[in-house]
Amino acid sequence: MSRQILVTSALPYANGPIHLGHLVEYIQTDVFARFQRLRGHRVAYLCADDTHGTAIMIRAQKEGRTPEQLIADMAVQHQRDFAAFGMSFDHYGSTNSPANLAIATGIWQRLRERQLVVERSVERLYDPVQKTFLADRFVVGECPRCGAAEQYGDSCEKCGSTYPATELKNPRSVHSGAKPELRPSSQLFVRLEPLQSFLAEWTQKSGALQGEVANYLAGHFLDKPLQDWDVSRPAPYFGFEIPDAKGQFWYVWFDAPIGYIAATKEWCERTGQSLDAWWKNPQCEVVHFLGKDITYFHTLFWPALLHVGGYQLPKRVQIHGFLRVGGEKMSKSKGTFVTAERYLQHLDAEWLRYYYASKLSSKIDDLDFQEDEFVGKVNSDLVGRVVNLASRSARFVEATGLSANYPADGGLFARAAAQSEAIAAAYEACDYREAMRLVMLLADAANEYVEQKQPWTLKKDPAKAQDLQDVCTVVLNLFHQIAVYLQPVLPKLAAKAGALLGSACDRWELVQRPLVGSKVAKFEHLMTRVEADKVKAMFTPEPSAPAVPTLPPKAAAATPSAAAVASAAATPATTAGANDALQKEPLAAEITIDDFQKVDLRVALVVAAEAVPEAKKLLRLTLSLGSGPTRNVFAGIKSAYEPAKLVGRLVVMVANLAPRQMKFGLSEGMVIAAGTDGEVFLLSPDLGAKPGQRLH
RNA sequence: GGCAGGAUAGCUCAGCUGGUUAGAGCGGCGGCUUCAUAAGCCGUAGGUCGCCGGUUCAAGUCCGGCUCCUGCUACCA
């Protein structure tokens with residue numbers, strides 16, 4: 001019986017590139033969508049860019065362009081990356097679309113009708129420089145409980161306590177550094193408590209949620225009155241202005257999931273279908289894939305909106321864990337934060353699809369990317385076992401094609417065909433790891449068969465030509481079954497297998513009937529092996545910190561060594577990326593020479609450097625200006641530099657900056673560095689400069 | 001702090017409602033083979049199932065306590 005299935009992946013935020021972490025989800029979803037299509041079901045796989053919110057607005061502002069320009073760029077980038085990894089979206093939309101506004105407006109009206117919208121005044125932090133209200137995450141300060149510095153406005157990572165942003169001590173805006181002001185803001189809330197019984201019922205009894213998710217919700221939200229959900233944001237905000245509340249915008253998380261429906265709407269309009277046939281049809285199974293970080297949005301707020309809006313509730317919400325690399329969180333400075341683009345510069349997309357599939361289960365566990373394992377799985381499973389079946393048999397039958405009748409094979413083909421439902425069940429349950437395991441067992445059996453029959457021996461005896469053809473017919477048929485079973489994961493490999501055997505691997509039932517009498521194309525390699533070096537190269541941080549002159553402490557005070565300078569000179573200057581940098585940080589307003597001369601820049605020697613344990617970004621540097629007392633300076637370069645390697649280096653400092661009292665001590669100056677965010681480059685003078693010299 | 005999840009061979013993990021000598025793949029070691037992208041096949045060695053206690057004829061599997069790890073904790077997208 002054919003099913004109708006609407007599949008979604010969470011919408012990627014249009015504030016950054018697609019990376020290996022995103023791809024866990026998109027590959028997981030795409031495999032599911034392709035599997036269902038292969039089984040003959042009607043599938044719509046939909047996704048879109050999530051485009052609204054403060055973060056987008058601020059970033060666009062910094063880059064000197066409109067949010068619309070920014071999200072248009074990101075849409076192109078995202079879709080290019082997804083295409084390269086084989087995502088089979090039926091439609092890819094944007095939350096900043098007329099369709100999304102229309103659907104959101106409809107749901108909003110229903111909320112109003114049901115008296116579920118209430119208005120309240122809330123005191124919010126306001127950045128007087130950026131002229132914008134600040135989300136909690138855009139305010140940092142000292143934790144009101146334990147006093148830890150550099151904590152965000154919602155909770156302290158040090159002591160774990162949570163608090164309102166207004167209680168932060170010495171708060172400042174992440175954007176401007178300004179001290180936020182408290183300003184009253186009238187906000188709109190969606191009341192969830194009236195939906196408590198519906199949510200309790202749906203989360204606990206519908207079967208849509210994984211067990212641990214249902215437990216989490218029961219223990220964390222449903223055991224007490226549900227708080228009203230603050231869904232509006234005051235201007236300025238990049239998003240949809242709320243139709244019946246001028247000057248107020250829907251919070252990004254209100255309209256983001258609605259983007260699933262909007263994308264469906266656009267697709268339906270394009271293809272002449274009815275939206276209601278998908279979103280208001282009880283026969284249609286809606287399946288959402290998402291990461292555990294956004295669980296409650298999709299299991300509380302979202303079903304509430306769907307319920308009130310009269311849309312179909314998800315049949316299933318499939319939640320996955322995060323990607324880790326080598327057991328650790330992805331990290332830009334360690335080089336393990338790998339974008340889709342960077343991956344593709346080194347490796348093949350299908351390798352990753354298989355690797356993830358071979359590790360994914362239906363649980364919420366994190367998935368750990370391990371270099372050795374990646375190389376091993378691709379080379380030994382895919383090349384050594386699966387593809388090898390074709391390479392060791394196809395050439396023998398290039399001239400003859402497959403036997404006209406399927407030969408006796410000791411039941412191998414039938415056994416593999418009988419695995420069909422077990423493998424399908426594993427795919428259906430999103431237990432791809434199990435599916436891959438079962439398929440690899442089939443490949444093992446096929447390789448044993450080859451070993452036993454020794455086609456290479458048969459080839460030597462002309463009288464055994466028929467035996468040779470029969471053996472290869474069996475092996476290639478087993479290979480074909482495997483290619484069909486793997487098609488959801490490896491569509492390109494399946495297409496090549498289809499071309500080799502003259503039969504597309506595009507229907508699940510193909511595993512039931514052997515191919516006979518068909519031609520076999522000239523054999524070409526179906527997949528290349530992974531070289532471990534390339535995986536290493538991918539995880540090696542970009543040469544973002546070019547070789548810098550580093551001096552042993554004693555020699556430094558005198559003259560830098562020639563070698564040190566040579567290495568600096570050997571780094572070719574390049575203008576590549578300059579435009580991009582200029583875009584990120586547009587030129588500041590013009591100043592006079594007098595303005596400039598107020599800033600006293602000096603060459604300084606790093607005498608000592610150490611990480612500040614409690615600070616995420618800071619190193620404590622002790623700087624010498626040749627004579628006089630050393631300066632104690634806190635520099636936000638922890639992510640880019642190891643303290644030990646800085647000792648003995650010459651840097652440039654602002655020597656007449658007013659000392660600033662920080663949580664960890666007094667900072668008596670500022671070290672000059674280029675770059676923003678994660679990328680920081682210290683500046684160093686050329687050969688001969690001495691600590692204390694002023695820059696002119 | 002609260003909540004959720006996890007801890008099983010060197011690594012990644014299976015072990016359902018408790019029941020014979022705890023499994024798979026990879027990796028290791030030994031051998032065979034040469035058709036194949038140094039691929040394949042056979043054999044073999046590795047675990048007192050995180051710790052303590054309890055229930056039971058019987059516990060990796062159930063109960064209690066403890067230790068460690070991960071995540072979430074409502075304006076982080």
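Quick note on labels: first sequence line is chain A, next is B, and so on, each numbered from 1.
For the pair Pro225(A) and Leu11(A), nearest-nucleotide mapping onto RNA chain B gives the more 5' position to Pro225(A). In this structure, Leu367(A) and Asn379(A) both approach RNA chain B, and ranking their closest nucleotides by distance from the 5' end singles out Leu367(A).
Base engagement by Gln227(A) is indicated by at least one non-hydrogen atom pair under 4.0 Å involving a base atom. Contact annotation for Gly384(A): backbone-only contact, meaning every heavy-atom pair under 4.0 Å involves sugar-phosphate atoms and none involves a base. Residue Val387(A) is in base contact, counting any heavy-atom pair closer than 4.0 Å across all strands shown. Here Asp293(A) lies in heavy-atom contact (under 4.0 Å) with a base. Across all strands, Asn388(A) comes closer than 4.0 Å to base atoms (heavy-atom distances). Within the 4.0 angstrom heavy-atom criterion, base atoms lie near Phe221(A). In this structure, Leu389(A) reaches neither bases nor backbone, as no heavy-atom distance under 4.0 Å exists between it and the strands shown. Using a 4.0 Å heavy-atom distance criterion, Val252(A) is classed as a sugar-phosphate-only contact. At a threshold of 4.0 angstrom between heavy atoms, the contacts of Gln370(A) are confined to the sugar-phosphate backbone, with no base atom among them. Asn15(A) comes within contact range of no nucleotide atom at all, as no heavy-atom separation falls under 4.0 Å. Residue contacts shown for Lys459(A) are absent, as no nucleic acid heavy atom lies under 4.0 Å away. Residue Arg385(A) is in sugar-phosphate contact alone, with no base atom involved, counting any heavy-atom pair closer than 4.0 Å across all strands shown.
Checking C26(B), A14(B), U70(B) against every side-chain atom of Lys363(A), the shortest atom distance belongs to A14(B). Distances were taken from every side-chain heavy atom of Asn447(A) (C-beta onward) to each of A4(B), C41(B), U12(B); the shortest belongs to C41(B). Proximity note for Val450(A) (side chain, C-beta onward) versus G71(B), C35(B), C75(B): the nearest is C35(B). For Phe297(A), whose side chain is taken as the heavy atoms from C-beta onward, the closest listed nucleotide among C35(B), U37(B), C75(B) is C75(B). Among the nucleotides C42(B), U12(B), U70(B), the one closest to the side chain of Glu448(A) is C42(B). Among the nucleotides C75(B), U37(B), G5(B), the one closest to any side-chain atom of Met527(A) is U37(B). You'll find that the side chain of Arg392(A) is closest to A36(B), out of G71(B), C72(B), A36(B). In the set A4(B), C35(B), A74(B), C35(B) carries the atom at the smallest distance from any side-chain atom of Trp456(A).
If you take CG of Leu441(A) and P of C26(B), they are 10 Å apart, rounded to a whole angstrom. Atom NZ of Lys359(A) and atom P of C11(B) are 13 Å apart (whole Å). Between the C1' atom of C13(B) and the CE atom of Met440(A) lies a distance of 16 Å, rounded to the nearest Å. The CG-P distance, from Leu438(A) to C13(B), rounds to 18 Å in whole Å. Asp444(A) has its CG atom 12 Å from the P atom of G43(B), to the nearest Å. As rounded to whole Å, 16 Å separates atom P of A74(B) from atom NZ of Lys292(A). Here the C1' atom of nucleotide A36(B) and the CG atom of Leu526(A) are 12 Å apart, to the nearest Å. As a whole-Å value, the separation of Leu226(A) CG from U73(B) P is 16 Å.
For C75(B), the base has a donor-acceptor partner in the side chain of Arg124(A) [N/O atoms by modelled type, under 3.5 angstrom]. If you check distances only, the side chain of Glu451(A) does reach the base of G40(B) with a donor-acceptor pair under 3.5 Å.
A salt bridge links Lys359(A) with Glu373(A): the closest approach of a Lys/Arg side-chain nitrogen to an acidic carboxylate oxygen falls below 4.0 angstrom. Between Glu451(A) and Arg392(A) there is a salt bridge, since a side-chain N of the basic residue sits under 4.0 Å from a carboxylate O of the acidic one. Using a 4.0 Å cut-off between a side-chain N of Lys or Arg and a carboxylate O of Asp or Glu, Glu181(A) and Arg183(A) qualify as a salt bridge.
Going from the C1' atom of C51(B) to that of U33(B) covers 49 Å, rounded to whole Å. U56(B) and G47(B) have their C1' atoms separated by 25 Å, with the value rounded to a whole Å. Separating the P atom of U21(B) from that of G64(B) is a span of 28 Å, rounded to the nearest Å. Taking the P atom of each, A14(B) and C62(B) are spaced 15 Å apart, rounded to whole Å. For the C1' atoms, the distance from A36(B) to A4(B) is 49 Å, rounded to whole Å. Taking atom C1' on both nucleotides, U37(B) is separated from U20(B) by 45 Å, rounded to a whole Å. Distance noted for atom P between C11(B) and G28(B): 15 Å (whole Å). For the P atoms, the distance from C76(B) to U12(B) is 33 Å, rounded to whole Å.
Phosphate contact (OP1/OP2 of G5(B), side-chain N/O of Asn215(A), threshold under 4.0 Å): present. Note on Tyr296(A): a side-chain N or O is less than 4.0 Å away from OP1 or OP2 of U73(B). The side chain of Arg433(A) places an N or O atom within less than 4.0 Å of a non-bridging phosphate oxygen (OP1 or OP2) of A14(B).
Judged by the 6.0 Å distance and 45° axis criteria, Arg120(A) is positioned over the aromatic ring of Phe189(A). Both tests pass for Arg233(A) against the ring of Tyr251(A): distance under 6.0 Å to the centre and angle within 45° of the axis. Taking the ring centre of Phe396(A) as origin, the terminal cationic atom of Lys459(A) falls outside the region bounded by 6.0 Å and 45° from the ring axis.
Side-chain atoms of Tyr13(A) and Asp49(A) form no donor-acceptor pair, as typed in the model, at a separation below 3.5 Å.
The ring of Phe249(A) has its center no closer than 6.0 angstrom to the ring center of Phe240(A).
Shown here, C49(B) forms no base pair; nothing in the strands shown gives a Watson-Crick or G-U wobble contact with both key distances under 3.5 Å. Pair assignment for A4(B): U70(B), on the basis of Watson-Crick or G-U wobble contacts that are both within less than 3.5 Å. Both distances falling under 3.5 Å, in either a Watson-Crick or a G-U wobble arrangement, place C26(B) opposite G10(B). Applying the Watson-Crick and G-U wobble criteria (two distances, each under 3.5 Å), G19(B) pairs with C57(B).
Base orientation of G50(B): anti, since the glycosidic angle falls outside 90° of 0.
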Go through Gln77(A) and Asp73(A) one step at a time and tell me if the side-chain hydrogen bond (donor to acceptor under 3.5 Å, both in side chains) criterion holds. CA-CA 6 Å; Gln77(A) 276 187 43; Asp73(A) 261 18; 5.5 Å; no
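When atom types are taken as modelled, the side chain of Thr95(A) and the backbone of Thr51(A) share a donor-acceptor pair closer than 3.5 angstrom.
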